[in-house]
Every structure is written in C-alpha cells, then in structure tokens.
Participant: 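Before we start, here is the structure in question, set down as structure tokens.
Residue numbers start at 1 and run along the sequence shown.
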Amino acid sequence: MIEINLNKIIKSYGFNRVLDEFSLEIKTGEIVTLVGENGCGKSTILNIISGDEKCDKGNISIRNGSTIGYLKQIPEEKSEDFTVKDVLYESVSDILNINEKLKNYEEKMMKLTGEKLNELVIKYSNLQEKFINMGGYEIDIQINKIINGFKINDLVDKKYNNLSGGEKRIVSLAAIMIKNPSILILDEPTNHLDIETLEWFEDFIKKYKGTIVLVSHDRYFINKVSSKIVLIERGKEIIFNGNYDSFIEENELRIEREFKEYKDQSKIIAAMKKKIKQLEEFGKLAYPGGEPFFKRAENIRKRLDRLEKVEKPIIKKDIPINFIVSDRSGKDVIVINDYTLKINDNILIENINLKIDYNDKICIMGSNGCGKSTLLKRILKDNEPNIKIGSNVLIGYIPQEIEFSSNKTILEYARMYFEGDESHLRSALSKFYFYGENVFKKISKLSGGEKVRLKLFELIFSNINCIILDEPTNHIDINTKEVLEEALKEFKGTVIFISHDRYFINKVADKILYIENKNIKEYIGNYDDYKNKIIK
C-alpha cells in the first residue's frame with residue numbers, strides 16, 4: 001500500500017523555486033534515498049514529509065495511523081537535567097507508564113479478594129493486552145540491543161546537553177530506533193558512526209519493519225540498504241528502482257539518451273527556424289503575391305511553438321583536480337620502528353613496526369578512539385626518534401577539522417599558492433566552484449565543504465608528493481568525492497588517509513592498516529578485500 005504520496009509539490013524560498021511540481025509515491029516497506037546536488041531540495045522534502053514545513057502548492061498524504069521518527073542534521077537541545085537515558089526512554093514513555101501501572105495492579109491484587117479482585121483482574125488483563133500489542137515485554141531487550149549496537153553504553157548516565165555534537169546525533173538516532181515508528185526519516189544518519197557500527201546499523205535498517213526515507217552521502221550505505229533512488233533535478237523527480245550502483249548505471253544511460261534526444265530536436269528546431277526565415281524571404285521577394293509563403297511560415301512557427309521542448313540534460317561538472325608533482329620522494333616515505341603510541345600513560349598502539357613506500361595508497365582504519373588521528377599527528381610532528389620521514393618527502397595535510405589562521409578572502413588566500421595573473425587565478429578557482437562574487441567571501445565564513453575545496457586548491461599548487469588526509473569526505477558532496485577519488489588514484493605520490501567512507505576506501509586504497517586491540521594489522525587491497533580476508 002502507499003505510505004506517503006507527494007503530489008505536484010511546489011516550494012520556493014524567495015525567488016528560488018526549489019521544488020517544481022515534485023511528485024513521489026512511497027510504498028510501505030520501501031527504503032527510498034533522495035540524491036542530488038547540495039541545495040536541490042532533499043532536506044526540504046524530508047521537512048515536508050515530517051510536517052516541519054508546508055509546501056506552497058500541491059498536496060501530501062500519509063497513510064492513516066502512521067507514526068514518524070525524524071533524525072535531523074542538527075540535534076535538538078533538551079532540558080538541562082535530561083540524561084542520555086531520559087532521551088532514549090522518552091520515546092517509549094507510554095509503554096513504561098503502562099508497565100508501572102501493571103506493577104501497581106499486581107501489588108493491589110495481592111491484597112484484594114472477591115468482586116474487587118475480579119474487577120481489577122479484568123482491568124489488568126485489558127491493560128496487559130495493550131502492553132503486549134505495544135511490544136512492552138520486548139522493549140528492554142530492544143533498547144539494550146540498540147544501545148549496544150550504537151556503542152553508547154558509556155553515555156547512558158551522562159547529561160545529554162554535555163555531549164559532543166556527534167554523540168548527540170548518535171543518541172538521537174538510537175532514540176528514534178527505540179521509538180520504532182512506521183516511517184523513518186533520516187537526514188545523514190551515518191555521520192559519526194565508525195565502520196563496525198555502520199555495518200550493524202545497515203543490518204538493522206534492512207530488517208526494519210517500516211518505511212524509510214533518507215538522505216545520505218554514504219554511497220556504500222545507500223548501496224546496501226536502498227530499494228529506490230530518487231534523483232532531484234530542476235526541482236523534479238527522476239526515479240530509479242534498485243540500489244546506488246544500478247542508479248549510477250541507469251542514470252548514465254538516461255543522460256546519454258536525453259542528450260541524443262536534445263541534439264536531435266535541436267537539429268529539427270534549427271531546420272524549422274531556417275525554413276521559416278527562408279519562406280519569409282520568399283514572401284518579401286514575391287510581394288505583393290507572397291501571402292502563401294507567409295502563411296506557410298506562420299504554420300511552421302505555430303508547430304514550433306507547440307513543440308514540447310526537450311531540456312538539455314544536466315551533466316555534472318567535475319572539479320579537475322590534477323596535483324602538480326615535480327619532485328618525487330625516495331622509496332621509503334615513512335619508516336616506524338618499535339614505536340609505542342600513547343597519550344600520557346594511556347597506550348593506544350603497542351610496538352609499531354611499519355614501512356610506507358612511495359606511491360602507496362594506504363587507509364588507516366579502526367574504531368573511534370583507537371589512535372588513528374593521533375598516529376597521523378605524530379608522523380606530521382616529525383620529531384619522534386622512532387618515526388623517520390624519507391628523503392625529499394613533501395607532505396600536504398588535510399585535518400578532520402580544517403581551520404585557516406587567516407581572515408583573507410578566498411581570492412587573497414589562493415593568490416599565496418598560485419603563480420599567474422588574476423584572470424588565470426579566478427579561472428582556476430572556478431574549477432573548485434569558487435566563482436563570481438563568491439571569491440571575495442571571507443575564509444572565516446566558509447562552510448565545511450568549502451574549506452575542503454580551498455584546502456585542496458592549496459595542496460594542488462604546493463608541489464607535494466605525499467598527502468595525508470583525516471576523514472577527507474566528511475563535509476563534501478558525492479560529486480566532489482568522486483572527483484577527489486579519481487585525483488588521488490592518479491596522484492603520482494603517496495596517499496595516507498583515515499576514512500569511514502567504505503566506497504571511498506574501495507576506490508582509493510591499495511592497502512589497509514587496521515588498528516585493533518592496540519596492534520596494527522596490514523591487509524593488501526581495498527575495503528572489500530579486507531572484509532573478505534577477515535570473514536575467511
């Protein structure tokens with residue numbers, strides 16, 4: 001049956017029409033992923049389904065009796081005295097209240113006899129039936145399963161408002177899963193989840209008995225869970241049944257087909273316009289007997305006006321990231337011998353013996369807090385006696401949280417790394433989506449994605465031969481991820497990166513360093529190769 005029906009939705013913000021007669025039917029049990037460029041309307045659709053926003057025109061219907069759980073990108077604040085446990089149990093307060101009432105009835109029944117006992121037994125039975133239908137007897141098992149799955153056992157007794165943004169997101173997601181609504185609306189649900197938790201969450205989502213609408217930049221996750229992909233272009237829907245891989249394949253065929261239709265129609269339109277002009281010229285030459293020519297020209301013009309125009313398909317603009325490498329490093333890029341990584345007395349990784357060679361593409365993996373980022377920072381410090389940086393190694397670094405110690409404009413900052421006149425500089429910046437008045441934007445005002453793009457610009461023109469990246473895909477959209485993947489694969493140098501983005505790891509890595517139980521294990525290949533080896 002149809003769970004959600006969006007019919008010819010129009011939504012504008014000022015003069016910007018984001019959704020233009022957008023229509024979509026979502027059936028019960030489907031897992032639907034919305035994709036498209038940033039600003040295309042994905043989050044707007046989620047807000048309209050949840051009721052947080054109203055559409056300007058069109059209508060939305062949701063199946064009677066449906067319940068909605070909505071994970072937003074920014075977690076909501078709670079009362080100061082709220083613990084994580086309060087947040088998790090808030091969504092099942094009705095069940096907990098009934099459970100308390102049942103316990104009270106049980107105590108009273110122990111003291112009653114006769115008619116009063118019979119009356120209370122009937123009340124108890126009716127309430128117990130309601131409790132069973134609500135899943136009351138399974139709720140503790142379900143809550144513990146979700147708490148363990150999201151690895152938030154250590155957070156349960158903490159004040160919710162004292163958590164980090166990432167922890168609040170995970171707790172909010174866990175609370176929604178405990179609520180068990182018939183419709184799940186998830187905006188970037190995989191942010192801040194490590195790979196082990198991601199895999200558990202994927203399995204949980206695939207078995208979920210409900211309808212799911214989600215937005216995500218995690219292509220591996222989308223590929224695993226989605227049954228339908230909805231691409232939003234020009235405010236309209238383009239629907240693909242299947243997972244992300246099938247969407248990519250079918251969308252490329254669609255673009256090819258539509259581009260051919262556009263070119264064929266363009267030729268027909270050009271020929272009709274040429275014929276109109278020719279007939280009008282004949283009419284003028286045949287004056288005063290040229291009326292038949294003008295009538296024929298007018299008939300063709302009417303046909304042209306009635307012609308349903310084929311829009312030119314949107315072909316995504318890739319950022320052509322071509323790293324400039326004039327000097328290669330030596331064969332041994334980084335050598336670590338008998339090194340123990342620790343913070344104060346806390347040992348993170350013991351007895352590291354590791355050699356990274358020129359042109360290696362290495363992903364460092366492991367659960368949150370195992371020492372991945374700390375290891376990179378120690379390498380970058382270049383003052384540890386047991387960590388040796390090889391000859392002529394020139395390192396460029398993109399940290400997890402990019403901070404620029406400058407309040408220059410984008411243009412002023414870029415000029416520090418670019419040799420050439422301003423017209424060529426602005427042309428280069430435009431390839432990173434910095435163009436027009438945008439180049440005068442202050443660095444302090446940049447979004448996370450803009451910071452990544454500017455940092456990439458800096459590295460490209462810094463003549464490096466070793467790139468170290470800490471979670472490089474956290475703040476960039478799918479298009480930019482794909483271009484970065486291609487650039488890193490083609491980069492004539494060494495790449496060392498931390499990532500939970502399994503699709504990205506598959507595309508870039510030729511070696512995995514996995515940190516577990518204070519040790520590093522090395523696996524040749526990408527993420528799927530690593531998974532196959534540990535499963536065996």
Participant: Please check this pair: side chain of Thr190 against backbone of Asp218, looking for a donor-acceptor N/O pair closer than 3.5 Å.
Facilitator: no
Participant: Taking atom types as modelled, find out whether Lys361 and Asn359 have a side-chain donor-acceptor pair closer than 3.5 angstrom.
Facilitator: yes
Participant: Tell me whether Ser66 contacts the main-chain N or O of Arg63 through its side chain, where contact means a donor paired with an acceptor under 3.5 Å.
Facilitator: yes
Participant: Side chain to side chain contact (heavy atoms under 4.5 Å, CB included) for Val171 and Phe150? Distances and angles first, verdict last.
Facilitator: CA-CA 8 Å; Val171 169; Phe150 284 115; over 6 Å; no
Participant: Between Lys151 and Glu196, does any NZ, NE, NH1 or NH2 come within less than 4.0 Å of an OD or OE carboxylate oxygen?
Facilitator: yes
Participant: Would Val213 and Leu184 satisfy side chain to side chain contact (heavy atoms under 4.5 Å, CB included), going step by step from the backbone distance to the final call?
Facilitator: CA-CA 6 Å; Val213 188; Leu184 274 177; over 6 Å; no
Participant: Give a yes or no on whether the backbone of Ile68 and the side-chain of Lys179 come within a donor-acceptor separation of less than 3.5 Å.
Facilitator: yes
Participant: Sub-3.5 Å donor-acceptor pair from the side chain of Ser172 to the main-chain atoms of Lys168, do we have one?
Facilitator: yes
Participant: Kindly determine whether Tyr503 and Phe221 satisfy ring pair (Phe, Tyr, Trp, His ring centres under 6.0 Å), including the steps that lead there.
Facilitator: CA-CA 9 Å; Tyr503 208 96; Phe221 174 74; over 10 Å; no
Participant: Check this for me, if you would: do Asp203 and Lys207 make a salt bridge, where the nitrogen-to-carboxylate-oxygen distance has to be below 4.0 angstrom?
Facilitator: yes
Participant: Between the side chains of Arg254 and Glu258, is the shortest nitrogen-to-carboxylate-oxygen separation below 4.0 Å, so that they form an ion pair?
Facilitator: yes
Participant: Glu199 vs Lys531, test: salt bridge (charged side-chain N to carboxylate O under 4.0 Å, His left out). Steps then yes/no.
Facilitator: CA-CA 11 Å; Glu199 291 174 340; Lys531 284 297 290 184; 3.1 Å; yes
Participant: Give a yes or no on whether a salt bridge exists between Glu311 and Arg234, defined as a side-chain N under 4.0 angstrom from a carboxylate O.
Facilitator: yes
Participant: Please check if the number of heavy atoms outside Leu253 that lie under 6.0 Å from its CG is greater than 12.
Facilitator: yes
Participant: Other residues, nucleotides and ligands only: do more than 12 of their heavy atoms fall within 6.0 Å of CD on Glu249?
Facilitator: no
Participant: For Asn47 and Ser50, test the side chains for any donor-to-acceptor distance below 3.5 angstrom and give the result as yes or no.
Facilitator: no
Participant: Any side-chain to backbone donor/acceptor pair from Asn465 onto Leu394? Under 3.5 Å, distance only.
Facilitator: yes
Participant: Applying the side chain to side chain contact (heavy atoms under 4.5 Å, CB included) criterion to Glu450, which one of Lys441, Lys445, Lys455 satisfies it?
Facilitator: Lys441
Participant: Go through it in stages, so that I can follow the logic: the residues are Lys331 and Asp357, the test is side chain to side chain contact (heavy atoms under 4.5 Å, CB included), and I'd like the CA-CA distance, side-chain angles, deciding distance and then a yes or no.
Facilitator: CA-CA 5 Å; Lys331 184 178 186 302; Asp357 295 331; 3.6 Å; yes
Participant: Would you say the side-chain atoms of Thr494 and Asp360 include a donor-acceptor pair closer than 3.5 Å?
Facilitator: no
Participant: Does NZ or CZ of Lys85 come closer than 6.0 Å to the centre of the six-membered ring of Tyr89, within 45° of the ring's axis?
Facilitator: yes
Participant: Verify whether one side chain among Ser227 and Glu30 offers a donor that lies under 3.5 Å from an acceptor in the other.
Facilitator: no
Participant: Taking atom types as modelled, is there a side-chain donor on Asn526 or Asp510 under 3.5 Å from an acceptor on the other?
Facilitator: no
Participant: Between CG of Leu186 and CG of Leu34, what distance do you get to the nearest 0.5 Å?
Facilitator: 11.0 Å
Participant: Ignoring hydrogens and angles, state whether a donor on the side chain of Ser216 or Tyr244 is under 3.5 Å from an acceptor on the partner side chain.
Facilitator: no
Participant: Among Asp382, Ile352, Ile336, find the residue that satisfies the side chain to side chain contact (heavy atoms under 4.5 Å, CB included) test when tested with Ile387.
Facilitator: Ile336
Participant: With no hydrogens and no angle check, just 3.5 Å: does a side-chain donor-acceptor pair link Ser43 and Asp187?
Facilitator: yes
Participant: In terms of side-chain geometry, is the basic nitrogen of Lys355 or Asp332 positioned less than 4.0 Å from the acidic oxygen of its partner?
Facilitator: yes
Participant: Do Glu90 and Lys78 sit within salt-bridge range, that is, some charged N less than 4.0 Å from a carboxylate O?
Facilitator: yes
Participant: At what distance, to the nearest 0.5 angstrom, does CD1 of Ile205 lie from CG of Leu198?
Facilitator: 11.0 Å
Participant: With a 4.0 Å cut-off on N to O distance, would you call Lys518 and Glu350 a salt bridge?
Facilitator: no
Participant: Within 45° of the ring axis of Tyr433 and under 6.0 Å from its six-membered ring centre, is that where the NZ or CZ of Arg453 lies?
Facilitator: no
Participant: Measure the spacing between CG of Asp501 and OG1 of Thr473 and express it to the nearest 0.5 Å.
Facilitator: 4.0 Å
Participant: Verify side chain to side chain contact (heavy atoms under 4.5 Å, CB included) between Ile49 and Ile60, making sure each step is shown before the conclusion.
Facilitator: CA-CA 7 Å; Ile49 293 172; Ile60 173 172; 4.1 Å; yes
Participant: Is a side-chain donor or acceptor of Thr28 paired with a backbone partner of Met1 at a separation under 3.5 angstrom?
Facilitator: yes
Participant: Please check if the side chain of Lys42 supplies one atom and the backbone of Glu37 the other of a donor-acceptor pair under 3.5 Å.
Facilitator: yes
Participant: Crowded around Lys228 NZ? As in, over 12 foreign heavy atoms under 6.0 Å?
Facilitator: yes
Participant: Determine, stepwise, if the pair Tyr530 / Tyr514 fulfils ring pair (Phe, Tyr, Trp, His ring centres under 6.0 Å).
Facilitator: CA-CA 9 Å; Tyr530 152 75; Tyr514 199 92; 5.1 Å; yes
Participant: Using only atom types and a distance under 3.5 Å, with no angle test, would you say the side chain of Asp86 pairs donor to acceptor with the backbone of Thr83?
Facilitator: yes
Participant: Any carboxylate oxygen within less than 4.0 angstrom of a Lys/Arg side-chain nitrogen, looking at Lys72 and Glu76?
Facilitator: yes
